[in-house]
Amino acid sequence: MSGRPTVAVLFGGRSSEHGVSCVTAGGVLGALDRERWDVIAVGITRDGRWTLQSDDPARWRIVDGRMPEVDDDGPTVLLPRRVGESAWRIERDGRVEPLADVTVAFPLLHGPWGEDGTIQGALELVDVRYVGAGVLASAIGMDKQYMKASFRAAGLPVTPDVTLAPGASVAEHRAEIEALGLPVFVKPARAGSSMGISRVDSWDALEAAVADAVKHDPKVLIEAAVKGREIETAVLGARDGVRTSPPGEVVTGGDHAFYDYEAKYFDESAVNLMCPADIPADVAARIQEIAVRAFAAVSAEGIARVDVFLGEDGAVTVNEINTMPGFTPTSMYPRMWASARVGYSELVEELLQAALARPLGLR
């Protein structure tokens, strides 16, 4: 035994963002201080099996345009059997063996079956401390319908929208959808990484856009477009309170009408990430204040990225909060903090220390 605390990095999972989660894990695995922490890498396969994986960051990089994936070869990882235990175990060749006494988990799953409160709930059941938002905040942050309801309740401005419940047809809601005006964005209500999102400039394209979104989630959100700029702010809930990075801006070019999945991960030449954003200081301060309010509105903890629209008239409208944003070294979240002279490894350590400071049980 080294005497160091152990962090379990959790990634992969059953959602369509499996590969993105693996890339995020590679970034965190590379940033962890191995002289301070013992590290175990727990990958969750696409069919939901928890497995022991390589903790080598190089294993989790995008190679030749292909996302990494958790393989099914590793031994099964088992959580503690009861509250008060810290021992995680592995099942191999029909035998159950000790793995490690885990001090804190770092869940890096994106999308359903992970970022939505399910992993957080599993860890809560056995009193495992973990990085990031709790069950409720994770669930609200994943579901755009209820996220926007929380923002509205907190007095934050959001874009007009129509939600199609699972099984609902466009025809049932045609009048209220068309009242939004063109263009509109069609989104899976509970997905991320811009998967399944379409910009609709003609009502003739609406049905196809909804059908594409349903591939990722049976519930669909249709939102009015905002003319203006998309500005993002990184929020960090650490032991010394909640603070924000300078706002950043994503400017897309090429064939990308917006910051879609391909632009995020496979076409860096079409994306210009401006950190900090070229906006007046008073506007930046207003966006940062709104980001803190959005963080509080969903009861977020630890890490979040808040995206807003800065309209041509100067109005700020909240787009969404992401309670487990992309966290590779080149993602917007760490790049915005880098503009404030907070390094990637420092961010990882702050998040872990904040998790260790959280009380167990109801809070």
Side-chain angles (χ1 to χ4, degrees), residues 7-18 20-22 24-25 28 42-50 77 79-80 83 102 104-154 163 165-166 187-193 195-196 216-221 235-237 242 294-307 318 320-327 333 351-352 354-356 358-363:
V7 54
V9 178
L10 309 177
F11 58 96
R14 295 168 55 197
S15 83
S16 56
E17 297 176 77
H18 179 104
V20 178
S21 173
C22 292
T24 295
V28 171
V42 180
I44 301 175
T45 64
R46 290 189 183 274
D47 63 2
R49 190 167 75 88
W50 294 39
V77 174
L79 285 169
V83 172
V102 172
V104 61
F106 204 139
L108 296 168
L109 292 104
H110 300 304
W113 305 291
E115 189 181 348
D116 58 351
T118 49
I119 286 291
Q120 292 76 13
L123 297 172
E124 294 273 6
L125 284 173
V126 286
D127 273 358
V128 174
R129 286 187 168 88
Y130 57 90
V131 170
V135 175
L136 177 64
S138 298
I140 293 173
M142 190 78 256
D143 191 314
K144 295 177 178 63
Q145 178 187 10
Y146 293 103
M147 174 200 304
K148 296 182 78 166
S150 297
F151 291 159
R152 288 187 178 105
T163 299
K187 306 176 177 181
R190 297 164 293 193
S193 295
M195 288 186 169
H216 299 271
D217 184 7
K219 183 160 72 168
V220 175
L221 198 76
V235 185
L236 179 64
V242 177
F295 191 82
V298 301
S299 300
E301 297 176 68
I303 179 173
R305 193 193 70 236
V306 177
D307 303 343
V318 182
E320 65 178 6
I321 186 170
N322 192 320
T323 58
M324 183 43 69
F327 197 43
Y333 185 89
L351 287 166
L352 288 167
L356 290 176
R358 290 170 60 178
L360 293 171
L362 295 175
R363 54 191 181 277

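All values below come from the heavy atoms of this structure, side chains included, with hydrogens, waters and symmetry mates left out. Just so it is clear, the structure is predicted and the values come from calculations on it, not from any experiment. Counting from 1, the numbers follow the sequence of the chain as shown.
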Is there a donor-acceptor contact under 3.5 Å from the side chain of His110 to the main chain of Met324? yes
All heavy atoms of Ala137 vs all of Ser299, minimum pair found to be CB-O, 3.3 Å
May I ask you to decide if Tyr130's main-chain N or O and Arg358's side chain share a donor-acceptor pair within less than 3.5 Å? yes
Heavy-atom pair with the smallest gap, counting every atom of Arg305 and Pro325: NH1-CB, 3.6 Å
Does Ser21 reach the main-chain N or O of Leu108 with its side chain, forming a donor-acceptor pair under 3.5 Å? yes
If you take all heavy atoms of Ala297 and Ala154, which pair is closest and at what distance? CB-CB, 3.8 Å
Measure the shortest side-chain to side-chain distance between Asp116 and Asp143 over non-hydrogen atoms and say whether it is less than 4.5 angstrom. no
Any non-hydrogen side-chain atom of Phe327 less than 4.5 Å from a side-chain atom of Ile303? yes
Gap between atom CD of Glu17 and atom CH2 of Trp113 - 0.5 Å precision: 11.0 Å
Heavy-atom distance under 4.5 Å between the side chains of Met147 and Met142, does that happen here? no
Are side-chain heavy atoms of Val235 and Ile321 found at a separation under 4.5 Å? no
Contact check, side chains of Leu236 and Leu351, non-hydrogen atoms, under 4.5 Å: yes
With a cut-off of under 6.0 Å to the ring centre and 45° to the axis, is Arg190 in cation-pi contact with Tyr146? no
Any chance you could measure Gln145, atom CD, to Leu221, atom CG, to the nearest 0.5 Å? 7.5 Å
Heavy atoms only: give me the nearest Pro188-Asp217 pair and the separation to one decimal. CB-CB, 3.8 Å
Shortest non-hydrogen contact between Ala133 and Ala300, atoms and distance: CB-CA, 4.5 Å
Test item: Arg129 side-chain N/O and Val104 main-chain N/O as donor-acceptor pair under 3.5 Å: no
From Phe11 CZ over to His18 NE2, what is the distance, rounded to the nearest 0.5 angstrom? 8.0 Å
So, the side chain of Lys144 versus the backbone of Ala191: is there a donor-acceptor pair under 3.5 Å, distance only? yes
Gap separating the CG atom of Leu123 from the CG atom of Leu10, nearest 0.5 angstrom: 6.5 Å
Are Phe106 and Leu352 packed together at the side-chain level, in the sense that at least one heavy-atom pair is separated by less than 4.5 angstrom? yes
Closest non-hydrogen atom pair between His216 and Ser16, with its separation: ND1-OG, 3.5 Å
Does any N or O in the side chain of Glu124 come within less than 3.5 Å of the main-chain N or O of Gly121, such that one atom is a donor and the other an acceptor? no
Could you walk me through whether Val131 and Val7 pass the side chain to side chain contact (heavy atoms under 4.5 Å, CB included) check? CA-CA 10 Å; Val131 170; Val7 54; over 6 Å; no
Nearest 0.5 Å, what's the CD-OG distance between Glu115 and Ser15? 8.5 Å
